[in-house]
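A note on names: the letters A, B, ... follow the listed sequences, proteins ahead of strands, and every chain is numbered from 1.
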There are 2 protein chains.
Amino acid sequence: MQKMNNKNKIFIDKLRSSGLRPTNQRVEISKFLFNRKKTFHFTVEELKNSMNLKRSKKISTATFYNTVHALKSAGYLKEFSLENNTSYYDTNISSHHHFFDNGKVIDIKSDKITFRKLPEAPKGKKIKNVEVVIRLENNN
Amino acid sequence: MQKMNNKNKIFIDKLRSSGLRPTNQRVEISKFLFNRKKTFHFTVEELKNSMNLKRSKKISTATFYNTVHALKSAGYLKEFSLENNTSYYDTNISSHHHFFDNGKVIDIKSDKITFRKLPEAPKGKKIKNVEVVIRLENNN
DNA sequence: TAACTACTTTATAATTATTCTAAAGTATGT
DNA sequence: ACATACTTTAGAATAATTATAAAGTAGTTA
Ligand SMILES: [Mn+2]
Ligand SMILES: [Mn+2]
Ligand SMILES: [Zn+2]
Ligand SMILES: [Zn+2]
């Protein structure tokens, strides 16, 4: 059982309520991901490198993958793709939209985009969600 | 120089006008990709397997990758991503939208979706395109 | 047509992102 | 403290893609 300061309690509860034991590694990763003001969009490699840079005792690659997958399964992360062959993850789990600006990803709140016309789902199907990507380029 | 029947001429011209020599492999791949009524969405592995199944003399993996990249650079293919780590290509190069239905991809013509409200591009940037993904699930 | 040269194809090796394996370590219940 | 199931880890394995370099071909020129 680890040191239980109030700073960590919220993450420990979050993990516990998803059936994940609050190990040191998971708590550290959760703090890093969720203890911030703005949405965080990242790849597992980016997460690993930025966390391990500051640590004497490194967390293993497998644990980063395991934990990110567990948090995604528990509904705390969403996965998405850019046009390279790497998975990205999003700490904003609500349905929302994005600007893509040369590899940089910026959230657009759901209510900033509304539709005048949308197609019907094919028969037998229904719409799960609608997400928009606005690709940007530099002026001039 | 290869057999120049009229069936192939259009693809030979297409390749030539992009500075690509119309080799047998490139012409075959172009015919397979573009000589069809409906949009084709595919991965390089899928393309390779379905073409080579029917051929006695196989085209190499590297040539499939080289040719798909060349066609993309020439503007004849668009690349996109689903939520796995594989690149998909689209023979519909116009800006358009998609239904994603459990790995199946269906085109939505651009004019089937219109917007009531759209955010402005951040300063210094402008909008290159806006593309919508409608995720489907089964009824009930 | 023969020769020349640049471009292309190919088998194979290398790389990258990710997943798997199995042994050692840890959290939780008793 | 003990038992047990869950977790972490290093390292091997896999999948998609890219790089390498030798052999083949297309377009050009003599
Ligand atoms: Mn991958
Ligand atoms: Mn890949
Ligand atoms: Zn986001
Ligand atoms: Zn399409």
Enquirer: Nearest whole angstrom, please: distance from the P of D:dA15 to the CG of B:L82.
Expert: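 Rounded to the whole Å, the gap is 19 Å.
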Enquirer: Could you tell me how far apart A:L15 (CG) and C:dT26 (P) are, to the nearest whole angstrom?
Expert: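 In whole Å, C:dT26 P lies 18 Å from A:L15 CG.
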Enquirer: Distance check needed: C:dG29 P versus A:R16 CZ, whole Å only.
Expert: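 About 8 Å, once rounded to whole Å.
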Enquirer: Going by salt bridge (charged side-chain N to carboxylate O under 4.0 Å, His left out), name the pairs with one or both residues in residues 43-55 of chain A, residues two or more places apart or in two chains.
Expert: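 The answer is A:E28-A:R55, A:E45-A:K48.
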Enquirer: Does OP1 or OP2 of D:dT8 have a side-chain N or O of A:T23 closer than 4.0 Å?
Expert: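 Answer is yes, contact under 4.0 Å.
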Enquirer: Please check the phosphate of D:dA26 (OP1 and OP2 only) for any side-chain N or O of B:R26 closer than 4.0 Å.
Expert: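 It does not, given that no N or O in the side chain of B:R26 lies less than 4.0 Å from OP1 or OP2 of D:dA26.
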Enquirer: Report the distance from atom CG of B:N24 to atom C1' of D:dA26, rounded to the nearest whole Å.
Expert: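 Going from CG in B:N24 over to C1' in D:dA26 covers 11 Å.
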Enquirer: Would you kindly give the CD1-to-P distance between B:I12 and D:dG27, to the nearest whole Å?
Expert: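 Nearest whole value for this atom pair: 9 Å.
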Enquirer: Any side-chain N or O of B:Q25 less than 4.0 Å from the OP1 or OP2 oxygen of C:dT10?
Expert: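 The answer is yes; a side-chain N or O of B:Q25 sits under 4.0 Å from OP1 or OP2.
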Enquirer: Please round to the nearest 0.5 Å and tell me the distance separating atom OG1 of B:T67 and atom NE2 of B:H69.
Expert: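 Nearest 0.5 Å value for the OG1-NE2 distance: 10.0 Å.
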Enquirer: Under the side-chain contact (heavy atoms from CB on, under 4.5 Å) rule, collect the residues that match up with A:S56, sequence neighbours excluded.
Expert: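 By the side-chain contact (heavy atoms from CB on, under 4.5 Å) rule, A:S56 matches no residue at all.
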Enquirer: In whole angstrom, give the distance that lies between atom OH of B:Y88 and atom C1' of D:dT17.
Expert: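 These atoms are roughly 15 Å apart.
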Enquirer: Measuring to OP1 and OP2 of C:dT26, would you say a side-chain N or O of A:R21 lies under 4.0 angstrom away?
Expert: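 Negative; the distance criterion is not met.
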Enquirer: Short of 4.0 Å, heavy atom to strand atom, which residues of residues 55-67 of chain A count as contacting DNA chain D?
Expert: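 Listed by number, they are A:K57, A:K58, A:I59, A:S60, A:A62, A:T63, A:N66.
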Enquirer: Distance-only criterion, 3.5 Å: show the donor-acceptor pairs between side-chain atoms of residues 98-105 of chain A and protein atoms not counting sequence neighbours.
Expert:
residue	atom	partner	partner atom	Å
A:H98	NE2	A:H41	NE2	3.3
A:H98	NE2	A:D90	OD2	3.0
A:H98	NE2	A:H96	NE2	3.0
A:H98	NE2	A:D107	OD1	3.0
A:D101	OD1	B:K125	NZ	3.4
A:D101	OD2	B:K125	NZ	3.1

Enquirer: Restricting to side-chain contact (heavy atoms from CB on, under 4.5 Å), what partner residues turn up for B:S50, sequence neighbours left out?
Expert: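 Checked B:S50 against side-chain contact (heavy atoms from CB on, under 4.5 Å); matches are B:F32.
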Enquirer: Whole-Å distance between C:dA17 P and A:E79 CD?
Expert: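 In whole Å, C:dA17 P lies 15 Å from A:E79 CD.
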Enquirer: Identify which nucleotide among C:dT28, D:dG27, D:dT17 has an atom closest to any side-chain atom of B:P22, counting heavy atoms from C-beta outward.
Expert: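 So the nucleotide nearest the side chain must be D:dG27.
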Enquirer: Does a side-chain N or O from B:S87 land closer than 4.0 Å to OP1 or OP2 of D:dT17, or not?
Expert: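 Checking D:dT17 against B:S87, a side-chain N or O does come within under 4.0 Å of OP1 or OP2.
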Enquirer: Would you please name every residue forming a side-chain contact (heavy atoms from CB on, under 4.5 Å) with B:T91, sequence neighbours left out?
Expert: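 Expected list: B:L33, B:F34, B:T39, B:F40, B:F42, B:L77.
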Enquirer: Can you find a side chain N or O atom of A:H69 that sits less than 4.0 Å from OP1 or OP2 on C:dT18?
Expert: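 For A:H69, the contact criterion (side-chain N or O under 4.0 Å from OP1 or OP2 of C:dT18) is not met.
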Enquirer: Using atom NZ of A:K72 as one end and atom C1' of C:dT19 as the other, report the distance to the nearest whole Å.
Expert: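 My rounded result for the distance is 15 Å.
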Enquirer: Measure from the side-chain N and O atoms of B:R26 to the backbone N and O of B:R21, and report whether any donor-acceptor pair falls under 3.5 Å.
Expert: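 Looks like yes, one N/O pair under 3.5 Å.
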